[in-house]
There are 2 protein chains.
Amino acid sequence: MKNTRRQIPLSVEWIPDEAGSAVPGRVRILDQTLLPLETRYIETTDTDVMWEAIRSLRVRGAPAIGIAAAMGVAAAAQAAAHEGVASVLAAAERAADRLSTSRPTAVNLFWAIERMRMSARAACDGGCDGKTLAGLLVAEACAMRDKDAAMCRAIGRHGVALLKDGDCVLTHCNAGGLATSEFGTALAPVYEAAALGMRISVFADETRPLLQGARLTAWELRQAGIDVTLICDNTAAQVMKEGRINAVMVGADRIAANGDAANKVGTYGVAVLAKHHKIPFYVLAPSSTFDAKCATGADIPIEERAAEEVTEGFGRRTAPPGVKVYSPAFDVTPAELIAGIICEKGVLRVPYRLAGNVTSD
Amino acid sequence: MKNTRRQIPLSVEWIPDEAGSAVPGRVRILDQTLLPLETRYIETTDTDVMWEAIRSLRVRGAPAIGIAAAMGVAAAAQAAAHEGVASVLAAAERAADRLSTSRPTAVNLFWAIERMRMSARAACDGGCDGKTLAGLLVAEACAMRDKDAAMCRAIGRHGVALLKDGDCVLTHCNAGGLATSEFGTALAPVYEAAALGMRISVFADETRPLLQGARLTAWELRQAGIDVTLICDNTAAQVMKEGRINAVMVGADRIAANGDAANKVGTYGVAVLAKHHKIPFYVLAPSSTFDAKCATGADIPIEERAAEEVTEGFGRRTAPPGVKVYSPAFDVTPAELIAGIICEKGVLRVPYRLAGNVTSD
């Protein structure tokens with residue numbers, strides 16, 4: 001068994017303090033805004049640096065943002081660990097308050113910060129010293145990260161069973177390790193396959209307008225030693241027609257109770273093309289992505305993005321001034337085009353159960 | 001009837017010499033490399049300037065290139081018109097030789113230049129003076145342009161019958177007036193509809209990697225006063241799903257005898273999406289686009305483009321150095337996905353006749 005795991009770039013890590021070292025434990029994040037041309041890490045215990053990193057999308061992807069914020073709270077607590085427990089709690093609460101304002105609509109961010117806050121208060125209520133509280137918060141943040149990594153691994157294990165040696169997967173946008181911990185979601189079966197010694201290759205849609213496929217997916221797969229080929233979004237149909245794709249694997253931002261899945265714009269088109277070419281189309285996401293409040297995809301609101309992302313997306317204007325642009329951030333793939341939804345619990349197929357009630361088949 | 005014709009930008013024009021003016025007749029071409037930000041015309045009688053303009057894609061699109069070259073030969077002849085007939089013929093032949101080397105694979109270019117050469121020799125054989133020969137070559141080049149414009153108008157007349165007031169057309173790449181004379185092919189029904197006072201709107205795929213849709217189609221439609229909305233290629237499926245598209249209209253680079261049509265990469269995917277959404281998909285092209293040497297689309301060779309067009313298409317690199325790229329210039333849409341091929345002779349439907357033998361239905 002080849003170990004390719006260590007080659008997958010880590011978006012967020014906790015760097016523990018070394019015994020006898022003056023350097024405290026700290027968060028390390030990969031600055032994704034510099035990819036794919038520069039690989040630069042930011043190591044910090046400073047809440048303001050973390051706030052800016054989350055705000056400016058240096059760390060992105062819902063799970064990675066939540067973990068980064070939790071580690072930011074832990075780092076602030078640890079920096080105060082030599083003081084009394086009240087100071088440590090106050091430092092953690094200050095960091096939590098501040099980081100909550102970094103991305104106003106990131107649900108994972110609030111959830112992770114609240115969990116850190118609850119843990120800190122519970123430990124204080126139970127009675128402990130400052131150093132113990134700080135250590136506990138570090139452990140809590142690392143557990144969050146480990147749980148996310150384990151969930152991605154589980155998605156990978158379920159997903160790899162749908163692939164055979166030599167297969168080629170087409171993916172859209174980036175639902176890889178950069179958005180999560182280690183394996184990602186859509187790319188988890190590919191990484192799991194590589195770890196098992198299988199030869200799996202990938203075609204990555206560049207994913208206009210923001211080019212997450214070109215900038216992030218192609219980069220992380222290359223870092224991990226996976227054979228990846230970049231294509232323009234409009235070339236996916238031709239690649240399928242040439243018989244080069246065995247499966248499509250994409251992530252999801254939200255899944256309705258009936259299995260309709262919202263993901264980066266272009267995903268729905270890929271699903272239609274996959275159906276035409278009789279290629280199975282899989283959605284890979286944690287079971288928490290199911291939203292019981294949405295009965296069908298029609299209940300999922302679609303955000304519209306700024307025209308400039310399309311007309312000036314590359315540092316210079318490439319469309320006539322004033323031209324009308326339609327740029328939805330997401331689209332919804334109806335459940336009937338989805339061969340299976342792969343979550344940490346297994347492979348779900350139609351009819352899907354309600355969120356919180358999913359079971360593997 | 002609203003006259004919107006004059007608003008359609010002209011890619012190539014002949015500017016006649018004015019009576020008594022020292023300025024000779026000359027070619028005027030719209031420099032398409034500066035679009036959509038700058039509208040600059042080049043007026044010249046100089047063969048080297050024309051050569052560079054064709055070479056550097058300042059004028060592009062097979063019909064427009066042919067006409068530009070023919071007018072380049074005429075301009076060279078006219079510049080020598082005050083000399084003897086032998087000098088005029090020599091000037092025309094020199095220009096023809098030179099312009100033939102500007103784009104090595106452009107069939108229309110060679111055809112147009114050869115036609116000019118044959119006309120010049122025939123006129124000389126018939127006996128004429130230098131001024132008459134020069135005038136004859138100008139008339140020949142202008143006739144070529146007028147014939148192309150008339151053909152585009154005919155395509156527009158046949159195509160507009162497939163649209164109704166208020167319809168919305170989706171197009172891919174640029175097969176508009178910028179590539180031809182006036183009406184273009186894919187956009188001809190839209191311009192004809194506007195001339196008839198119909199309200200037709202257009203969604204234009206931006207068309208990666210070279211963004212002909214964003215740079216050229218969106219620009220020329222806006223110039224002509226047509227309601228156009230720019231989308232990323234991967235958004236076409238969503239726009240169709242929203243019920244906003246009544247017909248897809250695209251051009252073609254080559255059409256096999258069975259009706260399989262090669263066009264800019266991404267066209268095939270749009271055809272599949274149109275079928276899924278039960279939207280008619282039309283190919284609009286002169287009947288000369290049929291290539292009897294190709295029995296089916298499998299016989300049409302597909303050129304691969306340089307990786308840099310995808311990875312560095314906007315003046316800066318947006319993909320990891322060394323990443324594998326697959327960038328076919330064209331794809332082939334099978335005849336069964338095409339609701340009709342609209343040429344100057346009418347609307348052709350399956351089964352298509354052989355090239356040179358097409359008839360309207």
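Naming: A, B, ... by sequence-line order, numbering from 1 per chain. For the numbers below, each heavy atom of this structure counts, side chains included, while hydrogens, waters and symmetry mates do not.
Your options are A:Leu211, A:Thr207, A:Leu37, and the one with the most heavy-atom pairs under 4.5 Å with chain B is A:Leu37. For the set A:Leu221, A:Thr311, A:Thr235, the count of heavy-atom pairs under 4.5 angstrom toward chain B peaks at A:Thr235. Annotation: maximal heavy-atom pairing with chain A below 4.5 Å, among B:Arg215, B:His172, B:Lys241, B:Arg316, occurs at B:Lys241. Contact count against chain B (heavy-atom pairs under 4.5 Å) is highest for A:Thr318 among A:Val310, A:Thr318, A:Val239. Per-residue heavy-atom pair counts under 4.5 Å with chain B were compared for A:Pro320, A:Gly322, A:Ala237, and the maximum is reached by A:Pro320. Ranked by heavy-atom pairs shorter than 4.5 Å toward chain A, the options B:Gly269, B:Ala319, B:Ser327 are led by B:Ala319.
Contact of A:Leu337 with chain B is made through the side chain alone, with heavy-atom distances under 4.5 Å. Heavy-atom distances place no part of A:Lys264 under 4.5 Å from chain B, backbone and side chain included. Contacts between A:Asp233 and chain B at a heavy-atom distance below 4.5 Å involve the side chain alone, from C-beta outward. When heavy atoms are compared at a cutoff of 4.5 Å, A:Arg244 approaches chain B solely by way of its side chain, counted from C-beta outward. In this structure, chain B has no heavy atom under 4.5 Å from any part of A:Val270. Only the side chain of A:Arg222 comes within contact range of chain B, with heavy atoms under 4.5 Å apart. For a residue to count as touching a neighbouring chain, one of its non-hydrogen atoms must lie under 4.5 Å from one of that chain's; by this rule A:Glu206 touches chain B with the side chain only.
Taken to the nearest 0.5 Å, the CZ atom of A:Phe330 stands 12.0 Å off from the CD atom of B:Gln238. Taken from CG in B:Asp331 to CD in A:Glu242, the straight-line distance is 9.5 Å, to the nearest 0.5 Å. The line from CZ of B:Arg208 to CG of A:Asp205 is 12.0 Å long, rounded to the nearest 0.5 Å.
By the 4.0 Å N-to-carboxylate-O rule, A:Lys324 lies close enough to B:Asp227 to be salt-bridged with it.
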